[in-house]
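Since the structure comes first, as structure tokens, the remarks are kept for the end.
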Amino acid sequence: PETLDRFNNLPSVKLFGQGAPGVSSGQAIAAVEKIARETLPADFSFDWGGASYQEKRSSGTSGLALGLAAVMVFLILAAQYEKWSLPFSVLLAMPFGIFGALAAVWLRGLTNDVYFQIGLVTLLGLAAKNAILIVEYAELKYHEGMTASAAALEAARLRFRPIIMTSLAFILGVLPLAISSGAGAGARTSVGTGVMGGMLAATFLAIFFVPWFFRLLVDHRLREQRSTQALREE
């Protein structure tokens, strides 16, 4: 050879490549590592450089970002409600949004790429917004003298229309992202699909569970002894 390359003071050979169309960089890295472990002799090793090194180094940080986002939401709500238990009625709505985002991406055959993960962090705040609208009003009615069950029912009734209107406005707003085409459409499609699916689930699933979460955390009982008619009369 005309030159002898070294990497970390060891003789080395540089390999350059990219994934085939439809294959993400993470999948390509995993495939190369699998082949290298199976075929390289025992005294050979491999390492990554450039963008691949940065991707390997930053892998797994999305979970940390999601966790920190949830902690931030919890601390802000705890300060607002002046309680440590009530914010959980909002946080318990977030898994519905994450489930909807993952289901939408899976149904469309997309991958869990960095754009989707950015959308997940955004989705945490959006999913919490609907729950906050209900919990805030239920807390107000509870302090006015209503029981927790009646307060939750009243809050769900009065906040249902604003939640549906704002959520549908947002969902229709990101629809062009989810169905976009052309240059750079992959990033837009990934973000739009995840956020749109998450908001659909957070709107049409979580909205029925948030009042129950509120009553459960306030009354510490799974079931309500009174009838629905009695709660409506209150």
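In this text, all values refer to a predicted model and were calculated from it rather than measured experimentally. Position 1 is the first residue of the sequence, and the numbers go up from there.
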Contacts satisfying salt bridge (Lys or Arg N to Asp or Glu O under 4.0 Å) that involve residues 140-153 (not counting sequence neighbours) are Lys141-Glu144
All pairs passing side chain to side chain donor-acceptor pair (under 3.5 Å) where residues 13-23 contributes a residue, at least two apart: none
Sequence neighbours excluded, the answer for ring-ring contact (aromatic ring centres under 6.0 Å, His included) partners of Phe116 is none
Would you list the pairs meeting salt bridge (Lys or Arg N to Asp or Glu O under 4.0 Å) in which at least one residue belongs to residues 157-169, sequence neighbours left out? Glu154-Arg157
Can you name the ring-ring contact (aromatic ring centres under 6.0 Å, His included) partners of Tyr137, sequence neighbours left out? none
Going by side-chain hydrogen bond (donor to acceptor under 3.5 Å, both in side chains), name the residues that satisfy it together with Ser89, two or more places apart in sequence or in a different chain. none
How far apart are the C-alpha atoms of Arg6 and Ser12, what are their side-chain angles, what is the distance that settles it, and do they pass the side chain to side chain donor-acceptor pair (under 3.5 Å) test? CA-CA 5 Å; Arg6 288 184 173 271; Ser12 66; over 6 Å; no
Restricting to side-chain hydrogen bond (donor to acceptor under 3.5 Å, both in side chains), what partner residues turn up for Glu38, sequence neighbours left out? Lys34
All ring-ring contact (aromatic ring centres under 6.0 Å, His included) counterparts of Phe204, not counting sequence neighbours: none
Scan for salt bridge (Lys or Arg N to Asp or Glu O under 4.0 Å) pairs involving residues 95-105, sequence neighbours excluded, and state none if there are none. none
Would you please name every residue forming a side-chain hydrogen bond (donor to acceptor under 3.5 Å, both in side chains) with Ser45, sequence neighbours left out? none
Applying salt bridge (Lys or Arg N to Asp or Glu O under 4.0 Å), can you list everything that pairs with Glu33, at least two apart in sequence or on another chain? Arg37, Lys56
For the residue pair Phe213 and Phe96, categorise the inter-ring angle as parallel (less than 30°), tilted (30 to 60°) or perpendicular (more than 60°). tilted
Filter on ring pair (Phe, Tyr, Trp, His ring centres under 6.0 Å), then keep only pairs touching residues 12-48, sequence neighbours left out; what's left? none
